[in-house]
Amino acid sequence: MNTDPEELIELIHACLVGRATEQQVCRLNERLRPDAAARDLYLQLADAHSCLAVDESLWVDSIGSASAPDFHVHAGRQRWFSWRPLTAIAAGIVFGTFCTSVVFGLVTQRAAIGKKTPLAVFDPGLESTVPITAHDVPSRVGSWGAKSGRVVTAENGVEPREGQRMLRLEPLPPNKQGKTNLSSAYQMLDLRSRAKAIRGGDAEVQVTASFCAANSEVSSRYAIRIFAIDQPPDKARRRFWQKQDDEGVAIVQQTFGTVPGEAGWHTFSLTMPLPRGARTLVMILAAGVPKDATAEAAMYYLDDVQVSVLTPQPQS
């Protein structure tokens, strides 16, 4: 085992300030997974980094590397977040999924989670026979949107993760790819029923989804993106894509990847702090080949989507 402390500190620093290359991220992951002392050091440095970041002049638009979760936090939004859970996410995510599809689940929380309450996701198992008509974020709560996809039964050697149906995410035509080559599914959730839990400022939301590629012989890229908006659903949907720089919007995103030969379903999860004023949640779940891939894009499938609100254990 490599025990060079200087290299470890340099890797951690590069990751925390968002300057780590893909090779550095993979190397850091290799150092952290088998070494509890290295993970403890990461958490200590992450805490110190977060203390510095509390100063408004040091807030940045995004934290993390290309493989790490992207936290779009703008100056002036600091009252929306309790930095403690944000640091916990940044520290925990680095322990897994940078160079492998396996989610290690080592996210370390500073406050113990006391309650996990499921949110009402519309048709989480994609069992509805109602066709998906929205090609973007749906205009209302209670429906799915998909840029290029449809609900199907077993096909192309892929069985649904659970139940009888799943969502097929079809490759995007080249002239419709724009800035990304990921095919996306969208859903909007109403957070107002959880207003009391969110008001405390330490609540988090967790989105979990399962993906499968019809062709496991190519590399695959998956993404989960969460928007928390301080408007009710009917207003949150209006000019949705122009809201990303609004002070009332918080965004967290993470990209996951698999390498050729990793067949079957892969389950990924992303957690974010819920701002006190959040009233609407929009989740975007996407799949596709990496941008630099030379192989033809595969069909991808989505199933078993779960969303929960996590609230801290009351202090005794």
Side-chain angles (χ1 to χ4, degrees), residues 119-190 207-215 218 220-227 229 233-234 236-241 243-244 251-258 265-270 280-291 293 296-307:
L119 276 177
V121 177
F122 170 75
D123 193 18
L126 286 306
E127 295 301 302
S128 174
T129 58
V130 177
I132 295 175
T133 56
H135 298 292
D136 205 315
V137 179
S139 59
R140 61 183 178 84
V141 172
S143 62
W144 277 103
K147 191 174 292 294
S148 179
R150 64 175 61 185
V151 176
V152 298
T153 56
E155 63 175 28
N156 293 325
V158 179
E159 298 280 343
R161 176 71 173 78
E162 57 90 23
Q164 302 298 315
R165 294 179 175 83
M166 55 192 173
L167 178 61
R168 182 175 70 202
L169 295 172
E170 301 164 351
L172 298 180
N175 63 343
K176 293 185 180 180
Q177 287 181 2
K179 295 182 180 180
T180 179
N181 57 347
L182 300 183
S183 184
S184 303
Y186 312 86
Q187 190 165 150
M188 183 165 56
L189 305 179
D190 193 336
V207 175
T208 300
S210 295
F211 298 90
C212 185
N215 179 9
V218 299
S220 295
R221 183 167 169 250
Y222 305 100
I224 299 177
R225 196 175 190 188
I226 309 172
F227 293 72
I229 306 171
D234 59 330
R237 178 60 182 85
R238 299 174 194 169
R239 297 177 56 255
F240 175 77
W241 294 108
K243 294 181 185 291
Q244 296 188 63
I251 309 169
V252 175
Q253 173 178 306
Q254 187 179 359
T255 301
F256 309 86
T258 60
W265 287 93
H266 300 277
T267 300
F268 304 110
S269 183
L270 180 60
T280 300
L281 188 81
V282 174
M283 60 179 175
I284 302 176
L285 310 170
V289 296
K291 288 184 178 181
E296 184 177 345
M299 290 287 186
Y300 289 92
Y301 299 92
L302 170 69
D303 202 358
D304 195 19
V305 178
Q306 304 293 334
V307 181

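- Looking at Gln187, its side chain does come within 3.5 Å of a backbone N or O of Phe122 through a donor-acceptor pair.
- Rounding to the nearest 0.5 Å places CG of Asp234 at 10.5 Å from OG of Ser139.
- Side-chain contact between Thr280 and Phe227: absent, with no pair of heavy atoms (C-beta onward) separated by less than 4.5 Å.
- A donor-acceptor pair is defined here as one N or O able to donate and one able to accept, closer than 3.5 Å; no such pair exists between the side chain of Lys147 and the backbone of Leu182.
- Across every non-hydrogen atom of Val158 and Ala213, the tightest pair is CG2-O, 4.4 Å.
- Taking each heavy atom of Arg140 and Ser143 in turn, the nearest pair found is O-OG, 3.6 Å.
- Considering only heavy atoms from C-beta on, Tyr301 comes within 4.5 Å of Asn156 through its side chain.
- The structure places CD1 of Ile132 at 11.0 Å from OG of Ser148, a figure rounded to the nearest 0.5 Å.
- The aromatic rings of Phe268 and Phe211 sit tilted, their planes meeting at an angle between 30° and 60°.
- How far CH2 of Trp144 is from CG of Leu126: 6.0 Å, rounded to the nearest 0.5 Å.
- Between Val207 and Leu285, some side-chain heavy-atom pair lies under the 4.5 Å cut-off.
- Side-chain N/O atoms of Ser220 and Tyr300 include a donor and acceptor closer than 3.5 Å.
- Residues Met166 and Val152 have side chains in contact (heavy-atom distance under 4.5 Å, counting atoms from C-beta outward).
- Residues Pro138 and Gly145 approach most closely at CG-N, 3.6 Å, considering heavy atoms.
- Between Thr208 and Ser269, the shortest heavy-atom distance links the atoms OG1-OG, 3.1 Å.
- In this structure, Tyr186 and Trp241 have perpendicular ring planes: the angle between them is above 60°, well past the 30° mark.
- Every salt bridge (Lys or Arg N to Asp or Glu O under 4.0 Å) that Arg168 has, sequence neighbours left out, goes to Glu155, Glu170.
- The side-chain heavy atoms of Asp123 and Val151, taken from C-beta on, include no pair separated by under 4.5 Å.
- The structure places CD of Gln164 at 13.0 Å from OG1 of Thr129, a figure rounded to the nearest 0.5 Å.
- Using a 4.5 Å heavy-atom threshold, the side chains of Asp303 and Glu162 count as touching.
- Here the shortest heavy-atom pairing between Ala185 and Leu167 reads CB-CD2, 3.6 Å.
- To the nearest 0.5 Å, atoms CD1 (Ile226) and CG (Leu270) are separated by 4.0 Å.
- Arg225 contributes no side-chain N or O that, together with a main-chain N or O of Ile251, makes up a donor-acceptor pair within less than 3.5 Å.
- Between Val305 and Met283 the shortest side-chain heavy-atom distance falls below 4.5 Å.
- Using a 4.5 Å heavy-atom cutoff, the side chains of His266 and Ser210 are not in contact.
- The OG1 atom of Thr153 sits 9.0 Å away from atom CD of Glu159, with the distance rounded to the nearest 0.5 Å.
- Shortest non-hydrogen contact noted between Ser184 and Ile284 is CB-CG2, 3.9 Å.
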